[in-house]
Amino acid sequence: MTQKIVIADDEPNLVIPLEYMLKREGYEVTIARDGQEALDAIARVRPQLVLLDVMMPRKSGFDVCQALRADEANRELRILLLTAKGRDDDVAKGLALGADAYVIKPFSPKELVAKVRELLEGAA
Amino acid sequence: MTMGDRVAVLVVLALAVLALAAWGARHLHRRFVQAPARLLEQAQAALAGDVDCQIVAAGSLQTQGLARVINDLVAARACLRQDIAHKVQEASRSIEQERSRLAALMSELTQSVVVCNLDGRILLYNQQARLAFRALSGAPAVAGGAELIGLGRSVYAVFDPQVVAHALDNVRERMRRGSANPSTQFVTATPAGQLLRVTLAPVRGASADEGLTGFVLMQDNITRQFEDESRRDQHLHALTESTRGSLGSLQAAVEALDYPDVDGEMRERLLRVIRDEVGAMGQRVRAVGAATAEGLKTRWPLEDMLGADVVHAALRHIESAGGLRAAAAEVDASLWLKVDSFSLLQALTSLACRLHEELGVDRVELRLGVAGPERAHLDLIWPGQALNTETAMGWELDAMRRGSEKLPLSVRDVVARHGGEFWLERERARHLAFFRFRLPLAAAQDDAAVTEVGAHRPEFYDFDLFQTSPASRELDERALAEITYTVFDTETTGLDPSAGDEIIQIGATRIVNGRLLRHENFEQLVNAQRSIPETAIAIHGIRPETLVGQPSIREVLPAFHAFAQDTVLVAHNAAFDMRFLQLKENETGVRFEQPVLDTLLLSAWLHPHQESHALEAIAQRLGVEASGRHAALRDALVTAEVFLKLVPLLADKGVRTLAQARDAARSTYYARLKY
């Protein structure tokens, strides 16, 4: 079965190469451009993993993360935070709110893809 | 000798004996009754009078001896008096020297210094403070902000009393620990929107167990500095953030291009990403110097504080808010935090109160622990029922509350001030939930050096400035000599305000503790927006063209109202001036509700047989210089001097309190009405 991923990030120039590389790896990718779109997409697509940017319009990555974890239906969902700020406060808060892992921008997409694979294999 | 002769001899003899006895009795009376009685009177006179008169010795040896002893005593008393007078003079001179030394020292300081008693009344201030407060005035154009600073005025016109009370609590706590430097710092925004960094230092009582008797405030206006730093930070932050984002996209695009099988269309898209980002980065670097980025969290200036002190203060704060108990859980006593303790305590208390009111929580705990090299976690823990995350987020964003009062900040604002984070967490195993504040750590400080209390007390603070007069006493019962007065006068376009006459100048000065403070004055022309009759110009010399560009009564009266706050008003023929003020109440929105004393009525009561009670006539009678043309401030100063001369004269006639003075004035007023 094809594993599904939602990328939630408002930066299209980052999303284009990321989408390309994840698709190349064989994942089915859905794009969301803000926090609310991300919640809608996740409810619709029911992905195994979400790449969640912290700084997004309408709802921040933290808000989305909290909302996802408040719902039992998302227990199996893996959450990978993308934070541009590189502050350890974000990391601490993200993990406390239920994220499974984080990556600090700028990151190597190859490493990110490796991290995605690792998380999804752990789940499987 | 006949029988008749014998009788005659006997009568003569008897008369002689009687005369002798009378003479003896008189002599005895003089010597033993009159002389001591006279001595008694003379001694009483000598005791009561200030004059050192000699008593004439008379009467019996003992009485004369007594008189001599009394004379000796009187002489000895005179000697003592001279001695005491001399010593008092010496002491006064030395106090005067110390005062002028302190005044010189204060005026040399480049920082603004204000000394207050525990009620927040200003007892001492320097020129810099005067200038600084002027900058804080909401109406600096009107009378130069003279309404904010002055002896006896409340410093709470500028500072939030709750903030000062909190700072005083911190100082007391540090004093209790025997800290070498018990002063504290806080940053506060004034009503006029200025940002002040204030150092509050304690003033201790004469004896060690007396504790605080007042405080010194030293303030720096950091509005400008803070704005500059924030702006610089914002630029830097914006540049870093956007560059990081661009680099992320560039790196991703470059890595994607590395794949050998990228098709033509994808290759073109990835190359466009690279061109976009390189172009954007170039633009940003060019723009960064001039750009004004917005929407960044402000970095509030923070104070270093021992974490245990913060917890301790928070526990007290929460408990005093009522309804719930608060205790310390694990607290790492070695941690120093970098905090704005006032707003942080408000946040903790506000959250605790909501837990109590909305979840029925009756017990909370505070936990403080280290979280990495630069951060600490401060947790507000409660047992049992957890909160759902949406409610928690609402609490984070809602305006905080202090009792029923809504505060201007939210918990999120407080966290942002600290550059920290805040979230809700659960410990399911222990059935606990907690709000976690992630806060910056400060470098540990050496606060161990303990000084002897009072060891560094400056020698020149020997004034009785810190005696707080019992504020509870009703104003009416207060002695005239100890009330704070605003003495004022107005110049007008004419005599009839209800016929359209207007105020064109207000002048005022202050009397504090029986002293006329000439330099704490208020002098302001008012643009009356109407013509001024020549008859009026002849009196005060103010021509219409002088008033062009002056503020209107709507601006001036509120400033004067603030200047006169918490004082008793004094004016000559006050009814006239008060009528003008009252007719402006609706237009300006200010009411003068304080008591008013009238020098005209007081003088009329005191000297009912004098023909004139015009200001000049009274001034002349009491030896007050009053020449020159009418001007509001000049007349206010003359009235003030007259008033100060009237106070002791009134006291001689038994009028000592405000209530008595008002009664006296009222009785003349009614008396005049009857005529």
Side-chain angles (χ1 to χ4, degrees), chain A residues 7 9-25 35 51 53-57 59-72 74 82-99 103-114, chain B residues 237 240-259 261-263 265-278 280 297 371-375 377 388-393 396-397 415 418-426 434 436-440:
Chain A
I7 303 178
D9 197 313
D10 60 324
E11 188 50 69
N13 280 343
L14 181 67
V15 172
I16 290 169
L18 266 188
E19 181 188 9
Y20 172 68
M21 292 168 80
L22 288 170
K23 277 185 174 165
R24 260 186 114 267
E25 293 295 313
L51 287 177
D53 185 23
V54 170
M55 301 281 275
M56 274 188 301
K59 263 199 163 78
S60 80
F62 291 141
D63 298 343
V64 174
C65 187
Q66 213 157 17
L68 290 173
R69 284 296 181 236
D71 187 350
E72 263 306 291
N74 296 318
L82 306 179
T83 159
K85 294 202 286 185
R87 297 186 348 172
D88 59 348
D89 292 329
D90 284 357
V91 171
K93 179 169 177 174
L95 294 180
L97 295 182
V103 175
I104 293 172
K105 290 182 184 177
F107 49 80
S108 155
K110 281 180 186 158
E111 282 170 28
L112 178 77
V113 170
Chain B
H237 186 84
T240 316
E241 288 297 285
S242 53
T243 305
R244 211 193 287 271
S246 289
L247 279 175
S249 302
L250 281 172
Q251 192 170 356
V254 167
E255 281 190 25
L257 278 171
D258 268 353
Y259 290 108
D261 55 348
V262 181
D263 63 30
E265 194 201 336
M266 191 33 115
R267 175 177 295 274
E268 189 42 49
R269 284 182 76 189
L270 292 171
L271 284 173
R272 202 181 308 129
V273 166
I274 293 172
R275 276 195 295 272
D276 264 16
E277 292 296 348
V278 170
K297 288 174 184 172
E374 287 173 357
R375 289 286 189 266
H377 285 164
N388 72 50
T389 45
E390 285 205 2
T391 313
M393 207 186 306
E396 185 182 345
L397 294 173
V415 171
H418 292 84
E421 279 298 349
F422 171 84
W423 64 83
L424 166 73
E425 237 183 283
R426 294 179 188 86
F434 57 90
R436 170 158 285 180
F437 288 83
R438 195 169 158 85
L439 300 169

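Note that these values count all heavy atoms, side chains included, but never hydrogens, waters or copies made by symmetry. Numbers restart at 1 for each chain; the letters A, B, ... are given by sequence-line order, proteins then strands.
Although no hydrogens or angles enter the test, the distance criterion places no donor-acceptor pair under 3.5 Å between the side chain of E425(B) and the main chain of A96(A).
The distance from the CZ atom of R244(B) to the OG1 atom of T83(A) is 8.0 Å, given to the nearest 0.5 Å. In this structure, R267(B) CZ and Y20(A) OH are separated by 9.0 Å, a value rounded to the nearest 0.5 Å. Note: F62(A) CZ to E421(B) CD = 5.5 Å, rounded to the nearest 0.5 Å. Atom CD of E11(A) is separated from atom OG of S242(B) by 10.0 Å, given to the nearest 0.5 angstrom. Between the CZ atom in R436(B) and the NZ atom in K93(A) there is a gap of 13.0 Å [rounded to 0.5 Å].
Contact of V254(B) with chain A is not made at all, since no heavy-atom distance falls under 4.5 Å. When heavy atoms are compared at a cutoff of 4.5 Å, A70(A) approaches chain B solely by way of its side chain, counted from C-beta outward. Interface remark: L270(B) contributes side-chain atoms only to the contact with chain A (heavy atom separation under 4.5 Å). Contact of D261(B) with chain A is made through backbone and side chain together, with heavy-atom distances under 4.5 Å. Both the backbone and the side chain of Q251(B) have a heavy atom closer than 4.5 Å to some heavy atom of chain A. Heavy-atom distances place the side chain of R24(A), and not its backbone, under 4.5 Å from chain B.
A search for side chain to side chain contact (heavy atoms under 4.5 Å, CB included) contacts involving D10(A) returns D53(A), M56(A), P57(A), not counting sequence neighbours. With sequence neighbours excluded, the residues satisfying ring-ring contact (aromatic ring centres under 6.0 Å, His included) with F437(B) are F422(B).
Environment of CD in E268(B): crowded, with over 12 heavy atoms of neighbouring residues, nucleotides or ligands closer than 6.0 Å. By the neighbour-count criterion of 12 heavy atoms within 6.0 Å, atom CD of E25(A) is densely surrounded, having more than that number from other residues, nucleotides or ligands.
Here V262(B) is the residue among I274(B), V262(B), T243(B) with the most heavy-atom pairs under 4.5 Å with chain A.
Counting only heavy atoms from C-beta outward, the side chains of S108(A) and E255(B) approach each other to under 4.5 Å.
For the pair L14(A) and S249(B), the tightest heavy-atom approach, listed with the atom from each and the gap, is N-OG, 3.4 Å. In terms of heavy atoms, P109(A) sits closest to A252(B) at CG-CA, 3.1 Å. Closest heavy-atom contact between D258(B) and K110(A): OD2-NZ, 4.0 Å.
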